[in-house]
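Notes follow the structure.
Lettering of chains follows the sequences in order, A, B, ..., and the numbering in each one begins at 1.
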2 protein chains.
Amino acid sequence: MDTKKRLEHIIELLRQQGKRLTPQRVAIIKVIVEDETHPSADHVYTQIKNDFPTTSLATVYKTIKLLKDSGELLELEFGDDGSRYDGRKPHSHPHLICTGCGTIIDTEPENFENIIAQMTLNSGFKIQGHRFDIYGLCPSCQK
Amino acid sequence: MDTKKRLEHIIELLRQQGKRLTPQRVAIIKVIVEDETHPSADHVYTQIKNDFPTTSLATVYKTIKLLKDSGELLELEFGDDGSRYDGRKPHSHPHLICTGCGTIIDTEPENFENIIAQMTLNSGFKIQGHRFDIYGLCPSCQK
DNA sequence: CTAGATGCAAATCGTTTGCACCGAA
DNA sequence: TTCGGTGCAAACGATTTGCATCTAG
């Protein structure tokens, strides 16, 4: 789904939920849907400030919570440096994370759900989701 | 490696590093090595308090840091409720986590390192470790 | 109009740190 | 004896919350 479609999808979803579409809220969602770098809350806030100088970080967090609760935003929690967000593909998927520069890269291995299903076959668990981060050095940080 | 051997291994390692083996420190390490529930810092602290009523949470955290830095303790960070620790198998391995009761279960799938190697084959990354949590409902929480 | 949203400041909470005192080696 | 360790309390920092004000519907 392209960015514009995804933005419209979320807007429509919020409308159906009776949520108000304030300019700040729409601007925040737009950044979250367009930014491919898995931004932090503060990074989103910084981008919003350009167009809405009075916007507060609290509003960014409230909008993030709104999207999380609607299943439209994937949160990647890092205990130390806070969370990063993926609003482009809000379902669980593995990420490659460079320990050198901090870059987070999406991966979508084929049959990954099958691998999980097979791994957990004898556990009796009813699987709901996962968190899979692979840490390493990206090509340019290896130099 | 059984619990006793593992405790002795860590003790010896610290001795080689010129670290002091205070009674509190040894007690904390003992709990970390014996507790199979992936305890939180506070949970370790509670257990230590039985034998060392004056011990502080700060000392528990300092000892945890010591073990982490020596590669003898795996930290599982959860943004919300803090971290849980695995001092029994301090290398990266997948965990099954019940979203109902919070239980954390170790898994050790065969060839898992191979799966990661294959998944990241085209990325150019030099892999250092991973974090893999699978979330779901355990058998008893499904009732 | 009015319930929901904003935005400031204060509160939260796991974790870290400063520092005076203590004790393992 | 000496330097690393302990433990109290204060600091930290990302996130949350209270509340008066504002505004989308």
Is the base of D/dT6 touched by the side chain of B/R25 through a donor-acceptor pair closer than 3.5 angstrom?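 By the distance-only test, no, there is no pair.
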Distance-only donor-acceptor test, A/R20 side-chain atoms vs D/dG25 base atoms, 3.5 Å:
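Under the 3.5 Å cut-off, the side chain and the base do not form any donor-acceptor pair.
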The contact string for nucleotides 8-16 of chain C, one letter per nucleotide 5' to 3', using protein heavy atoms under 4.0 Å with B, S and - for base, sugar-phosphate only and none, comes out as B-----SSB
Would you kindly give the [atom1]-to-[atom2] distance between [X] and [N], to the nearest whole Å?
{"X": "A/R15", "N": "C/dG4", "atom1": "CZ", "atom2": "C1'", "answer": "16 Å"}
{"X": "A/L66", "N": "C/dA5", "atom1": "CG", "atom2": "P", "answer": "7 Å"}
{"X": "A/L14", "N": "C/dA3", "atom1": "CG", "atom2": "P", "answer": "21 Å"}
{"X": "B/K19", "N": "D/dC3", "atom1": "NZ", "atom2": "P", "answer": "15 Å"}
{"X": "A/I11", "N": "D/dA24", "atom1": "CD1", "atom2": "P", "answer": "14 Å"}
{"X": "B/I64", "N": "D/dT6", "atom1": "CD1", "atom2": "C1'", "answer": "15 Å"}
{"X": "B/D69", "N": "D/dG5", "atom1": "CG", "atom2": "P", "answer": "12 Å"}
{"X": "B/I29", "N": "D/dG5", "atom1": "CD1", "atom2": "P", "answer": "11 Å"}

Q) Yes or no on side-chain hydrogen bond (donor to acceptor under 3.5 Å, both in side chains) for B/D133 and A/H130, after CA distance, side-chain angles and deciding distance? A) CA-CA 6 Å; B/D133 296 339; A/H130 68 268; over 6 Å; no
message = Does D/dT23 have OP1 or OP2 under 4.0 Å away from a side-chain N or O of A/Q24?
response =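 Looking at the OP1 and OP2 atoms of D/dT23, neither is under 4.0 Å from any side-chain N or O of A/Q24.
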### Any B/T22 side-chain nitrogen or oxygen under 4.0 Å from OP1 or OP2 of C/dA24
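Checking B/T22 against C/dA24: no side-chain N or O falls below 4.0 Å of OP1 or OP2.
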For this session: Find out whether the Lys NZ or Arg CZ of A/R25 is both under 6.0 angstrom from the six-membered ring centre of A/F52 and within 45° of the ring's axis.
Result: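 No, a cation-pi geometry is absent between A/R25 and A/F52.
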- Task: Using a 4.0 Å heavy-atom cut-off across all strands, classify A/T59 as base, sugar-phosphate, or nothing.
- Result: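 Here A/T59 touches the bases of the nucleic acid.
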Could you tell me whether [X] and [Y] have a side-chain N and a carboxylate O separated by less than 4.0 Å?
{"X": "A/R84", "Y": "A/D86", "answer": "no"}
{"X": "A/R6", "Y": "A/E72", "answer": "yes"}
{"X": "A/R15", "Y": "A/E12", "answer": "yes"}

* Check against side-chain hydrogen bond (donor to acceptor under 3.5 Å, both in side chains), A/D35 and A/T37 -> CA-CA 6 Å; A/D35 192 326; A/T37 69; 2.6 Å; yes
- Task: May I ask you to check whether over 12 heavy atoms, not counting those of A/Q128, lie within 6.0 Å of atom CD?
- Result: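 Count over threshold, so yes.
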